[in-house]
Amino acid sequence: MDWLHNLSPAIQDVLSAIGRAILAIIPIFAPVPVIIWYERRLLSWMQDRIGPNRTGNITFSRTSKMVPSFLRGKKFKLFGLAQSIADGLKLFTKEDIMPDKTDRVLFILAPLIALFVALTLGCTIPFGGDIRFTPVADVNVGMLVILAISSLGAYSTVLAGYSSNNKYSLMGGLRASAQLISYELAMGIALAAMVMNSGSLRMTDIVKSQDAPLYGVVSFIPNWNVFTPMGFISAIVFGVCMIAETNRPPFDLPEAENELVAGYHTEYSTKRWGIFMMAEYMAMFTFSMIFATVFLGGYHFPIRWDVLAPYENMYLVGVVVMLTKGAVGLTVYIWVRATFPRLRYDQLMNLGWKFLLPLAVVNLMITATWIFAAKVYGPMAAWMVGLVCYGVLFIVWAAIRHQAKKTQPQFQSRSVNMVNSPRRVLDVVPNKEVTP
Amino acid sequence: MAYIGLSLFMFSTGVVGVVIRRNPIVIFMCIELMLNAVNLAFLSFARYRYATEGHSLNQAIGGPMMVIFVMAVAAAEVAVGLGIIMAIYRLKEEVDVDELNLLGG
Amino acid sequence: MKLTPELIIFAMLAGPAALAAVGVVAFGSAIRSALCLVFNFFLLAFLYFTLSMDMPGISQIVVYSGAIMVLFVFVIMLLNPKLIEERKDLKRPFGIAFGVVLFGILASQVLPVLGFEGAKPVVHQIGSPNVIGDALFSSYVFPFEVISILLLVGVVGSVFLAKRRTD
Amino acid sequence: MKTLFALPDFNWGVLLPFLILAFTGIFGLLVLLVNPKANSKVIRTVTISGGLVALVSQFALFGGEYRSMGDMVMKTNPGMIGEVLILISLVVVVLISKPYLERTASDSPEFYPLLCWAALGGMIMCSSDNLLCIFVGLELLSISLYVLAGLNKRSKFSQEAALKYFLLGAFATGFFLYGIAFLYGASGNLSLDGFSTAPLHSGTDNRPLFYLSFALIMVGIGFKCGLVPFHQWIPDVYSGAPTNVVAFMATGAKVGPFIALYNIIMAVPTMSAIAVPICVALSILSMVVGNVMAFSQRDVKKILAYSSMVNAGYMLIYLAGLMKGHMAGAFPFGYFLLGYVFATLGVFVILAQISGRDASPITLQSLRGLSQRSPGLAALLVIFVLSQIGIGPVAGFVAKLIFVNGLIEANQSWMAIVLLANSAFAAFYYLKILKAAYSSEEEGAAIQFENGIESKIALAVCTVGVVGSVIFYSPIYHFITAR
């Protein structure tokens, strides 16, 4: 590699950045078929059916001369793993259809933006302890990069919806943009609390800060953010928001098939649709990784054994730990999809604006108080102050809820006034029969 | 300083847009373009003139600070501005800035 | 003027940014203009990075590309304005001439003063979030608090303007 | 106890008016949150009392010079007079708003917090010479007013005014900011002191940058003050926006930009070579164009709009004289603002009382018969208009007298002559208003007005302001400048 060292430093930097970029894209890009297969198998298991389990099973001929002798008559099972590859091949070889009267430039641009967002989202996540290879960019605003890139994701859905020249698509696009804007706020604030906790926006610092003993006392468990009270609440908020950000069920309002055909990608087919699909799975995977990095201690083992410590900084071990955590996140994604029914639009907005956002803001404020108390009066006082704050707020919340339940009538049916819908009279019928 | 050149260009483009376009949303976007030209100017001044030797941190930080505030103000302005545009679209189907002449101005 | 890597990167970013700025004005359809503007803001963020302004650059993407322009695109789609045909009247050449004159005046005043100053080494890391955060909470805390009221005005105002009267 | 941040020195007393006003607005919103069905009575009461308390705390500050928050907040003399004027106009506008808003069926409770915050923005503009602070205050003021201009959501006039105001205001903000950018580039300083150190930085010749930045800032501030080449928005917005909002726009909202203008002009004596010609040109243009345009108007609010331009011209020419000669600046400027604010406010209080149900522009025609229906109201109108013209024992007269006197003392007699000539010319169209008010009403077009207790109080405040500031001239002078 002498020639490499003889190059000018600037070019060396560029080359190493390109190398890291490739190294970072592959772990996001390569697992997509596996993720799809995993989702389908897991979903079918949860729904008590079989799912794709045949594609890729090969039984070599017993008699053919074409087959080498040691393979004759052997069976290979792939458990259906090749299903998604076959699907992909099908998608990419079908005839490309673009409806008439679309905005052609935007129609082509939209899936590419989705792909761009999915690929660059993970550029600040450290996959392992070895800073030579990962993350691609260890910038001092790492957390904001994630927020920035994920906020760009709205354009793909919006543009797809707009350019298709289809009412359903437009509705889907509008819903998507409203949903993404609403949930981004809560997500950002939840992450902000964790940034305050770690004292840095740099992702590697956030991971490092979670390597301490739990609460400073329990030496064999790492102090993951999810174990602290504020981290736990942030994790809940962030978890919900990340499902909403990736348009996955139960937040798949933009592509709700029983309302909007297929939402923003109604008019899409073949490779463009395939790109949308791939981007969605990649984004899922990346968000799981982000969750793992911020709340689950990144590439660290869940138990702090001194025996394991030297391995943590090795690249491959870190990647394996990280991918395992990512797989856990994916499992939760699929589990949620199998469990919850789709939200109604007003429920979606209420959840975002009236529950998650206040929760995240309150959590942020308590985190600030906590840190202040910890810096000024020491950790014990901080625990007391923090827990008292949480307790008081829970009581307040319960009181408000109680009051609201008393005053709010229970409805047999209700209609939702959408923006710009024709003016309607609210046909709310208080239901006398329903008594608690 | 090529950055200032770009900033000047963007600012003038924004002004031209405000003057010649008719759609209020596009005019508003041109105003945003002007604000970004301002931001670019602030940052390049801060970097090239005041982040260097012989200047205090207090001087240097002014540029980025101003940029942060401009962004926050722009966000509020956009919220209100788009609200106004939505409200006027509710009353009239089509809005051409040149044809807003109810008030005779 | 020497062709340095910095200059090449600047040209790569600034050229498309300038083109996109022209596109905002030149495109007939509002959504194309909006996309040009998004592209411009995105490139500007990278220009900020080349100025070693990480925090403003990334806030540029978060605030402008991610929030403000999404709002613009959302409103454009919601209203779906028919294309207002841009009539070719006196306003257009006059406006362009005005812009050219303005650019000429500003450039002739400013650029000779600045010349092509080379980049001196940075001693203050003013682009880093730590320094900006410190400044926000120390000497700039008063305008910072005022901004919070301003954002509240934005929220109240936009809700007030956009909500439909219930009567 | 360890400290986490190196906070600048707080002087809570200085910040008190701001805090009271900010929290008044927030409290109004909270009332709305707790009880969405609440009529605006509670919020109105809260706003008025908040304004009065802020006024009291502001009065307590008079006589000294304060700085707080590093150099962000600075309370000096014309600024403090300005703040008082803003608070008074806030209270008066809130007083007259209830009947007007109810009549035009646009009584939204959000009006009061937004008005509070607009006043807060104006006050921040008055009390800082840091351009960042001025910018933030300016935006707080303007953004609140953009919303308020569109207060009547069913009136096309109101919405159109809001859109015009908003687009042109944001455009002006762009210029203002670019000016600040060049000032920062030239001096590395966001404070207005940057201007006064202009020649010191002559190692590399930054002077073009300073000139450019001054010109751009003048464009931005000129938009907000309504100086002439940048005046297009004023007549339309005044004519279209709800009258009570215009009452604030023409008075309280003007004070902030004027004081900022004063501070800017005071900061640039070293650049007077370029600043004086610009200012003189702008002011003469403002006076002449404003007078000529107002002459042919039939819409009362538009006449007042043009008259506000003329007044801006008077103030600017005084400032130009101030730059050239040595004379007292703070008190005359403050006093002129006082006369202008009270007189204009008074006229608008009367207009808000007689404006019709449909929120359409008020023409001279609709003033006819005022004297027959309500001689008292007509008499007060005479007082306010006379003050605008500058005749008789009213504030406007005294203010102009001080201005002319000051200009002559500074050997700028020609400026004084321009000022006097223009105000003589202006008398014609003011008299048109009076003539309409005292002419007999037309058949079947009986003028509608109501005269509640709130409006009476508001009128009393304005009358006391206009007349009282003459009677108690020397006590006021001593109260403000002494100590």
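Just the heavy atoms: all of them, side chains too, but no hydrogens, waters or symmetry mates, feed the values below. By convention in this document, chain letters (A, B, ...) are assigned in the order of the sequence lines, proteins followed by strands, and residues within each chain are numbered from 1.
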Is [X] close to chain B through its backbone or its side chain, or both, or neither, when contacts mean heavy atoms under 4.5 Å?
X: C:Val63; value: side chain
X: C:Phe103; value: both
X: C:Ile147; value: side chain
X: C:Ala67; value: neither
X: C:Leu136; value: both

Pairs of heavy atoms under 4.5 Å with chain C: top-ranked of B:Glu77, B:Met65, B:Met71:
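Looking at each option in turn, the highest pair count goes to B:Met65.
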
Do the side chains of C:Leu161 and B:Met86 get nearer than 4.5 Å, heavy atoms only?
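With C-beta onward as the side chain, the pair stays apart.
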
Quick one: are B:Met10 and C:Leu44 in side-chain contact, heavy atoms under 4.5 Å?
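The answer is yes; the side chains approach within 4.5 Å.
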
Using non-hydrogen atoms and a 4.5 Å limit, figure out which bit of B:Phe11 sits close to chain C: side chain, backbone, both or neither.
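Contact with chain C is through the side chain of B:Phe11 alone.
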
Would you call the rings of B:Phe69 and C:Tyr140 parallel, tilted or perpendicular, where under 30° means parallel and over 60° means perpendicular?
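B:Phe69 and C:Tyr140: tilted rings.
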
To the nearest 0.5 angstrom, please state how far the OH atom of B:Tyr48 sits from the CG atom of C:Leu51.
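These two atoms lie 6.0 Å from each other.
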
Run the side-chain contact (heavy atoms from CB on, under 4.5 Å) test against B:Ala60 and tell me which residues pass, sequence neighbours left out.
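Partners of B:Ala60 by the side-chain contact (heavy atoms from CB on, under 4.5 Å) criterion, ordered by chain and then number, come out as B:Tyr50, C:His124, C:Ile126.
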
